[in-house]
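Input: a single structure, listed below in structure tokens.
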Number of protein chains: 2
Amino acid sequence: MSDGRSPSPVRGDTLLFLTDEQLRQGSEAMFFAYRGFTADPDRILQDLAYGRAHHRAIHFINRAPGTTVNNLLNILGVTKQSLNRVLRTLIADGLVRSVVGRHDKRERHLYLTEEGQALEQKLSDAQRARLRAAFREAGPEAVAGFRTVLEAMMDPEMRASYNRLKESST
Amino acid sequence: MSDGRSPSPVRGDTLLFLTDEQLRQGSEAMFFAYRGFTADPDRILQDLAYGRAHHRAIHFINRAPGTTVNNLLNILGVTKQSLNRVLRTLIADGLVRSVVGRHDKRERHLYLTEEGQALEQKLSDAQRARLRAAFREAGPEAVAGFRTVLEAMMDPEMRASYNRLKESST
DNA sequence: AAGTTTACGTCAGCCTTGTTGACACTCCAA
DNA sequence: TTGGAGTGTCAACAAGGCTGACGTAAACTT
């Protein structure tokens with residue numbers, strides 16, 4: 001597929017011409033940007049004896065209040081044991097509330113408590129501040145492109161989750 | 001700064017207007033896309049008893065052959081103990097060569113062996129395939145925007161590393 | 001009514017990859 | 001010659017992934 005050097009530009013229309021070098025730069029941009037993306041919440045979490053896994057759980061519970069454990073599992077893409085460890089501490093610390101399902105009593109619906117919402121605010125404010133600055137600096141067209149490329153990069157199931165969340169917030 | 005609802009659009013020019021919802025979607029796009037971004041190499045590494053940390057080391061050694069341990073440390077943003085553990089296995093397995101510096105014999109310059117280069121190819125081919133597909137699907141303007149936003153999201157030192165790598169490949 | 005499946009929790013153990021702290025060695029530079 | 005920088009390494013620990021196994025309750029199926 002690639003031999004480490006740039007492929008010949010001969011065949012293929014100019015719009016689709018992508019050198020290995022451009023793609024490598026794209027990888028590196030993702031790597032460095034993701035570091036920045038997580039840096040601010042990570043700093044806050046460090047003081048609280050929580051980690052990125054807690055942040056993710058809190059984020060998505062806030063985003064879809066009343067979601068079930070199974071649903072969260074699918075979104076986060078981890079095992080129930082991993083998630084359970086995180087949820088247990090969040091419930092014990094009073095940040096998350098677990099409510100037995102009304103129709104189906106096997107299910108547990110998850111909600112943030114007020115305290116949980118406060119932490120979510122704090123974390124996402126930190127993350128959004130950076131994103132807002134970056135979006136502003138880059139401009140609206142760049143932001144549109146950013147989202148388009150990211151969506152194209154997702155696995156299909158992940159894109160489905162992403163779109164479901166997007167639509168649910170209408 | 002934010003109260004969970006969309007801020008009033010009144011003050012601030014239209015180009016800079018960004019709702020919390022847009023920013024949240026941006027976060028989620030980063031989260032899901034990064035998962036896709038790492039999925040393919042992760043699958044390959046799994047069979048080899050290596051992890052993402054090995055991939056990162058291999059990537060940047062390939063990108064800047066002869067780089068020193070300290071330099072790699074700065075780029076990767078981990079402790080020397082963490083990096084050393086990874087490097088040790090890579091050297092033991094004959095994927096990386098460590099060469100004592102000529103001018104400064106304290107430094108170790110790192111190179112990929114042929115076997116190391118082969119693995120790097122395999123890993124980055126997998127990663128690039130997805131990126132290439134995404135870039136193609138999204139189109140050139142979107143890709144430009146994607147890069148602009150990612151660069152704006154980086155920490156300044158990371159952006160410096162990123163640019164140094166970018167320029168070094170000219 | 002009995003059996004199966006689903007949703008969830010939990011225990012135990014393992015791996016990778018991050019951390020801190022301590023110590024030793026080499027070697028450059030003042 | 002001494003201080004400090006660059007490097008390697010040992011030990012110990014924690015977060016957060018994983019698998020496997022087991023239990024319970026509820027729901028579904030036959």
Side-chain angles (χ1 to χ4, degrees), chain A residues 31 34-35 38-39 41-61 66-93 96-111, chain B residues 31 34-35 38-39 41-61 66-93 96-111:
Chain A
F31 172 69
Y34 199 76
R35 285 260 296 278
T38 55
D42 279 0
R43 262 189 293 275
I44 295 172
L45 289 158
Q46 207 175 345
D47 304 333
L48 303 174
Y50 290 143
R52 222 175 271 180
H54 299 83
H55 182 192
R56 289 195 288 260
I58 289 176
H59 174 98
F60 286 110
I61 293 172
T67 186
T68 64
V69 172
N70 230 349
N71 185 27
L72 200 50
L73 237 38
N74 290 329
I75 289 174
L76 295 176
V78 297
T79 59
K80 64 174 180 171
Q81 292 92 330
S82 270
L83 177 58
N84 190 253
R85 180 166 35 195
V86 167
L87 281 182
R88 216 181 332 178
T89 70
L90 291 175
I91 291 170
D93 295 351
V96 167
R97 201 160 37 99
S98 167
V99 176
V100 172
R102 290 224 281 169
H103 303 302
D104 187 335
K105 292 181 188 167
R106 291 170 305 178
E107 297 181 339
R108 303 300 146 91
H109 298 278
L110 302 170
Y111 301 89
Chain B
F31 172 69
Y34 199 76
R35 284 261 296 279
T38 55
D42 280 359
R43 262 190 293 274
I44 295 173
L45 289 158
Q46 208 176 343
D47 304 332
L48 302 174
Y50 289 143
R52 223 176 270 182
H54 299 84
H55 182 193
R56 289 197 287 258
I58 288 175
H59 175 97
F60 287 109
I61 293 172
T67 186
T68 63
V69 172
N70 226 356
N71 184 28
L72 199 51
L73 238 37
N74 290 328
I75 288 174
L76 296 176
V78 297
T79 59
K80 63 174 180 172
Q81 291 90 333
S82 264
L83 176 58
N84 189 253
R85 179 168 34 199
V86 167
L87 282 181
R88 214 182 327 175
T89 70
L90 291 175
I91 291 170
D93 295 351
V96 168
R97 201 159 37 99
S98 167
V99 177
V100 172
R102 290 224 280 168
H103 302 303
D104 186 337
K105 292 179 188 166
R106 289 167 305 180
E107 296 180 338
R108 305 300 145 94
H109 298 277
L110 303 169
Y111 301 88

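Chain letters run A, B, ... following the sequence lines, proteins first and then strands; every chain starts at 1.
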Quick one: Arg35(A) CZ to dG18(C) P, roughly how many Å, whole number?
-> 10 Å

Measure from CG on Leu110(A) to P on dA7(C) and round the result to the nearest Å.
-> 14 Å

Note, Val100(A) side chain near Arg108(A) side chain (heavy atom, < 4.5 Å) = yes

Separation of dG18(C) atom P from Leu45(A) atom CG, nearest Å, is 18 Å

Decide yes or no for Thr68(B) and His109(B): does some side-chain heavy atom of the first lie under 4.5 Å from some side-chain heavy atom of the second?
-> yes

Go through the structure and list residues passing ring-ring contact (aromatic ring centres under 6.0 Å, His included) with Phe31(A), not counting sequence neighbours.
-> Phe60(B)

Which residues satisfy the salt bridge (charged side-chain N to carboxylate O under 4.0 Å, His left out) test with Asp104(A), sequence neighbours excluded?
-> Arg106(A)

Whole angstrom is fine here: how far is it from CG in Asp42(B) over to C1' in dT16(C)?
-> 12 Å

With sequence neighbours left out, the residues meeting salt bridge (charged side-chain N to carboxylate O under 4.0 Å, His left out) with Arg43(B) are Asp40(B)

Residues in contact with DNA chain C, drawn from residues 83-93 of chain B - heavy-atom cutoff 4.0 Å = Arg85(B)

NE2 of His109(B) versus P of dG6(D): gap in Å, rounded?
-> 12 Å

Donor-acceptor pairs under 3.5 Å, side chain of residues 70-84 of chain B to any protein atom, not counting sequence neighbours: which ones?
from, atom 1, to, atom 2, distance (Å)
Asn71(B), ND2, Thr67(B), OG1, 2.6
Asn74(B), ND2, Asn70(B), O, 3.4
Thr79(B), OG1, Ser82(B), N, 3.3

Would you please name every residue forming a salt bridge (charged side-chain N to carboxylate O under 4.0 Å, His left out) with Arg35(A), sequence neighbours left out?
-> none

Rounding to a whole Å, what distance do you find between His55(A):NE2 and dA15(D):P?
-> 18 Å

Which atom names give the shortest non-hydrogen contact between Arg97(A) and Val99(A), and what distance separates them?
-> NH1-CG2, 3.9 Å

Footprint string (nucleotides 21-28 of chain D, 5' to 3'): B base within contact, S backbone only, - free, heavy atoms under 4.0 Å | B----BS-

Sorted by chain and number, sequence neighbours left out, ring-ring contact (aromatic ring centres under 6.0 Å, His included) with Tyr50(A) holds for His54(A)

Would you jot down, in residue-number order, the residues of residues 46-54 of chain A having a non-hydrogen atom under 4.0 Å from DNA chain D?
-> Gly51(A), Arg52(A), Ala53(A), His54(A)

Can you name the nearest heavy-atom pair linking Gly51(B) to Leu45(B), along with the distance?
-> O-CD1, 3.5 Å

Does a side-chain N or O from Ser82(A) land closer than 4.0 Å to OP1 or OP2 of dC18(D), or not?
-> yes

dG18(C) phosphate, OP1 or OP2, under 4.0 Å from Arg56(B) side-chain N/O | yes

Leu73(B) atom CG is separated from dG8(D) atom P, nearest whole Å, by 10 Å

Partners of His59(A) by side-chain hydrogen bond (donor to acceptor under 3.5 Å, both in side chains), sequence neighbours excluded?
-> Glu28(B)

What is the distance from CD of Glu107(B) to P of dG8(D), rounded to the nearest Å?
-> 11 Å

